[in-house]
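Have a look at the structure below before the remarks.
What you see is a predicted model, and the numbers here were worked out from it, not measured in a lab. Values below: all heavy atoms of this structure, side chains included; hydrogens, waters and symmetry mates excluded.
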Amino acid sequence: MASCVKEGLFYVKEDPQLGTIRGLDPWAVDNGIHLIRAEKDAAEGIMMIREGNQQQYGSVHGGMLAAFADTIGGHSLVPYGYMSVTQNCSMSFLKPAKGAYLFCRAVPVRVGRRSCVVSVEQRSDKDELVTTALFHYVVAETIEPILVEPKHPALRF
């Protein structure tokens, strides 16, 4: 596993396709998940499609899609000052995830003191809807809220 460097609150890693990847989660950074932004209205991320995250038919493995959605969904609660863990998830796989990269957008639907609900969509580089999901998170810890301004505003969808 490639190593990550911690800079303040963020883990960073150089990636040949994305440049500098930043995130709050070292696992995500090591797996090429790039946090584009995390503000109170939504969190957004991008993941390059690589041989290492595809199954034998050439599309992204469903487990990797779930992990990507869960990672960005959890990051959507950080602007509220919540570090959370997943309690439950319902995910629909609508199309094979193919192309160069995927976008993920997570929108908090309900933010409570102990539990939160987040709606997540993933789209292909052709803006095709690949998955939808609803995540329920339990607040594990309260922290100072962290806002991540867009690193690549042109990549928002």
_With a 4.5 Å cut-off on side-chain heavy-atom distances among I, L, V, M, F, W and Y, is there a chain of contacts connecting Met83 to Trp27?_
yes
*Any side-chain heavy atom of Glu121 sitting closer than 4.5 Å to one from Leu129?*
yes
_So, taking the atom named CZ in Phe103 and the one named NE2 in His34, what distance separates them when rounded to the nearest 0.5 Å?_
10.0 Å
*asked:* Testing the basics here: between Cys116 and Tyr82, what is the closest heavy-atom pair and its distance to 0.1 Å?
replied: SG-CD1, 3.9 Å
*Should Ile72 and Ile49 be regarded as members of a common hydrophobic cluster, given that ILVMFWY residues are connected when their side-chain heavy atoms come within less than 4.5 Å of each other, either directly or indirectly?*
yes
*Shortest non-hydrogen contact from Ala69 toward Met91*: CB-CE, 3.9 Å
*Near His136 NE2, under 6.0 Å, is it more than 12 heavy atoms from other residues, nucleotides or ligands?*
yes
*Can you tell if the side chain of Val117 reaches within under 4.5 Å of the side chain of Pro108, non-hydrogen atoms only?*
no
*Should we say atom CD of Gln56 is surrounded by more than 12 heavy atoms from elsewhere, each under 6.0 Å from it?*
yes
*Under a 4.5 Å cut-off applied to non-hydrogen side-chain atoms, are Lys13 and Pro26 in contact?*
no
*Ignoring hydrogens and angles, tell me if any N or O in the side chain of Tyr137 forms a donor-acceptor pair with the backbone of Asp70 under 3.5 Å.*
yes
_With a 4.5 Å cut-off on side-chain heavy atoms, are Arg105 and Arg37 touching?_
yes
_Show the nearest heavy-atom pair for residues Leu35 and His75, with the distance to one decimal._
CD2-CD2, 3.7 Å
*Pairwise side-chain contact, Thr132 with Leu94, heavy-atom cut-off 4.5 Å (strictly under)*: yes
*asked:* Any non-hydrogen side-chain atom of Lys98 less than 4.5 Å from a side-chain atom of Gln54?
replied: no
*Name the one of Ile33, Asn53, Leu65 that satisfies side-chain contact (heavy atoms from CB on, under 4.5 Å) with Leu102?*
Leu65
*Do Val111 and Val78 share a hydrophobic cluster, counting only Ile, Leu, Val, Met, Phe, Trp and Tyr and linking them when any side-chain heavy atoms are less than 4.5 Å apart?*
no
_With a 3.5 Å distance limit and no angle check, can you tell me whether Tyr80 reaches the backbone of Arg113 through a side-chain donor-acceptor pair?_
no
*Which atom names give the shortest non-hydrogen contact between Val29 and Tyr11, and what distance separates them?*
CG2-O, 3.5 Å
*Please check if Val107 and Leu134 belong to a single hydrophobic cluster, counting links between Ile, Leu, Val, Met, Phe, Trp and Tyr side chain heavy atoms closer than 4.5 Å.*
no
*Minimum heavy-atom distance between Ala66 and Phe135, given as atom pair plus value*: O-CZ, 4.1 Å
